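Please read the structure below before turning to the comments.
We use all heavy atoms of the structure for the numbers below, so side chains are in, but hydrogens, waters and symmetry mates are not. None of the values given here were measured: they were computed from a predicted structure. Residue numbers start from 1 in every chain, and the chains themselves are labelled A, B, ... in the order their sequence lines are given, proteins ahead of strands.
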Amino acid sequence: MPELPEVEVVAAALRAAVIGRRVVEVVVRERRLRRAVPRDLPQTLRGRCVTGVSRHGKLLRMILDEGAVVLALHLGMSGTLRLRRAAEPLERHDHVAFALDDDHALVFHDPRRFGLIRPAPVGDPLRQNRGLDPVQDGFTAEALATLTRKRRRSIKSTLMDQSLVAGLGNIYVNEILATAGIRPGRASGRLSRREHEAIVTATRTVLWAAIERGGSSISDFRHADGKSGGFQTQFLVYDRAGEPCRRCRGVIRRRVLGGRSTFYCPRCQR
DNA sequence: CGCACCCCCTGCCGGC
DNA sequence: TGCCGGCAGGGGGTGC
């Protein structure tokens, strides 16, 4: 589920609620995430103070004691981070709970267990998520042209490659290409300068609109306070196969590209 | 290099 | 009603 806008919404909530709090205890109920949660995680974090929260692409980092420890968190497909009162009992799929010194707990919940929680070496991003963050300054038409030069790979799979551009997933890439008027299967290296610019502009527009609406909640994404996002009602194409295009008289099509469902309007995307 | 497949895991939905 | 296949916002690996 969570792509850049959803992760940004979670990061903002954590910045507001967790910075300045001390980790009192860490309860690990299920270690088997995408990679095993280290056995010594509680001991590594206990007593440390949260001094910052950052996000790059879909990866969250909780900075403890000014960087003495950095905890990397990834929500995978079905992960959420919720703030709960310490007294509330844990539920099924609540895998890790960080008890804080204000009688609340930050709870990592992830039915599919594709998420990740592990201490990260300071300043060293995980191997994936190294790409340009598309809401930061470096994501420009020139940068996109450089990344795609002479590549035949489709623009959709290029934009979803986290080592090139970090944070876009299947929903937002579909929406961005619809907004930019470009077909997902186009070879990225053959796009014009103007088209690269359209993609960069559309990316900013779509991501900021989604962040403002609190992200998209398709089935299980929730904010740290349990609320749903609202951007799913604004989709131009995602999961709208057979439905009318919102901007022309076309009908949205679905095809599979790189193993993922791909939606586009054949009339206004070229 | 790029893709077509696999895998990981649970939940939900539609068809029978 | 129940079972089964397909699909889902994530990433990683292999082989062609």
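- Partners of A:Gln234 according to the side chain to side chain donor-acceptor pair (under 3.5 Å) rule, which considers only residues two or more places apart in sequence or in another chain, do not exist here.
- Between B:dT10 and C:dT1, the two P atoms lie 25 Å apart (nearest whole Å).
- Comparing the P positions of B:dC5 and C:dG6 gives a spacing of 14 Å, expressed to the nearest Å.
- Look at A:Phe114 and the base of B:dC8; the rings stack, centres closer than 5.5 Å and planes less than 30° apart.
- Sorted by first and then second residue, the salt bridge (charged side-chain N to carboxylate O under 4.0 Å, His left out) pairs involving residues 172-188 of chain A (not counting sequence neighbours) are A:Arg186-A:Glu195.
- In this structure, A:Arg35 does not reach the C:dG11 phosphate: none of its side-chain N or O atoms is under 4.0 Å from OP1 or OP2.
- Applying the 4.0 Å criterion to OP1 and OP2 of C:dG10, one finds that A:Gln162 has every side-chain N and O outside that range.
- Between C:dG2 and B:dC9, the two C1' atoms lie 23 Å apart (nearest whole Å).
- The shortest distance between the side-chain N/O atoms of A:Arg34 and the OP1/OP2 oxygens of C:dG10 is not below 4.0 Å.
- One finds a side-chain N or O of A:Ser157 lying less than 4.0 angstrom from the OP1 or OP2 phosphate oxygen of B:dC3.
- The interatomic distance linking A:Lys156 (NZ) with C:dG9 (P) rounds to 8 Å, in whole Å.
- Closest to the side chain of A:Ser261, from the set C:dG10, B:dG11, C:dC7, is C:dC7.
- Stretches of at least 3 consecutive Watson-Crick or G-U wobble pairs, with each checked distance under 3.5 Å, appear in DNA chain B as B:2-8 with C:10-16, B:10-16 with C:2-8.
- Within the 4.0 Å cut-off from OP1 or OP2 of B:dT10, at least one side-chain nitrogen or oxygen of A:Arg113 is found.
- Straight-line distance from the CG atom of A:Leu257 to the P atom of B:dC5: 13 Å, rounded to whole Å.
- A heavy atom closer than 4.0 Å to some atom of DNA chain B occurs in no member of residues 235-246 of chain A.
- Taking the six-membered ring where tryptophan is involved, the planes of A:Tyr172 and A:Phe235 are perpendicular, since the angle between them exceeds 60° and thus also 30°.
- You'll find that the side chain of A:Lys58 is closest to C:dG11, out of C:dG9, B:dG2, C:dG11.
- Using a cut-off of 4.0 Å between Lys/Arg side-chain N and Asp/Glu carboxylate O, A:Glu3 and A:Lys58 are scored as not salt-bridged.
- When the P atom is compared between C:dG10 and B:dC1, the two are found 23 Å apart, to the nearest whole Å.
- Using a 4.0 Å cut-off between charged side-chain N and carboxylate O, A:Glu88 and A:Arg82 make no salt bridge.
- Counting only heavy atoms from C-beta outward, the side chains of A:Phe263 and A:Arg253 never approach each other to under 4.5 Å.
- A:Leu116 places its CG atom 15 Å from the P atom of B:dC9, with the value rounded to the nearest Å.
- Put simply, NE2 on A:His74 is 6 Å from C1' on C:dG10, counting in whole angstrom units.
- Residue A:Leu147 contributes atom CG, which lies 13 Å from atom P of B:dC1 at whole-angstrom precision.
- Nucleic acid contact for A:Arg32: none, since no nucleic acid atom lies under 4.0 Å from a heavy atom of the residue.
- Taking 4.0 angstrom as the limit, A:Arg260 places a side-chain polar atom (N or O) nearer than this to OP1 or OP2 of C:dG10.
- We find that CZ of A:Arg31 is positioned 18 Å from C1' of B:dC9, with the value rounded to whole Å.
- Listed by chain and number, the residues in a side-chain contact (heavy atoms from CB on, under 4.5 Å) with A:Phe114 are A:Met77, A:Arg112 (sequence neighbours excluded).
- When rounded to the nearest whole Å, the span between CD of A:Glu30 and C1' of B:dC9 equals 11 Å.
- A search for salt bridge (charged side-chain N to carboxylate O under 4.0 Å, His left out) contacts involving A:Arg32 returns A:Glu30, not counting sequence neighbours.
- Of all nucleotides listed (C:dG10, B:dG2, B:dT10), B:dG2 comes nearest to the side chain of A:Arg151.
- Residue A:His109 contributes atom NE2, which lies 11 Å from atom C1' of B:dG11 at whole-angstrom precision.
- Taking only side-chain nitrogens and oxygens, A:Arg254 comes nearer than 4.0 Å to OP1 or OP2 of C:dA8.
- Salt-bridge check for A:Asp94 with A:Arg84: passed, with a basic side-chain N closer than 4.0 Å to an acidic carboxylate O.
- Rounded to whole Å, the separation between the P atoms of C:dG9 and B:dG2 comes to 23 Å.
- Side-chain N/O atoms of A:His93 include one lying less than 4.0 angstrom from OP1 or OP2 on B:dG11.
- Taking OG of A:Ser188 as the reference point, atom CZ of A:Arg153 lies at 7.5 Å (rounded to 0.5 Å).
- Checking A:Ser261 against A:Arg254 by side-chain atom types alone, a donor-acceptor pair falls below 3.5 Å.
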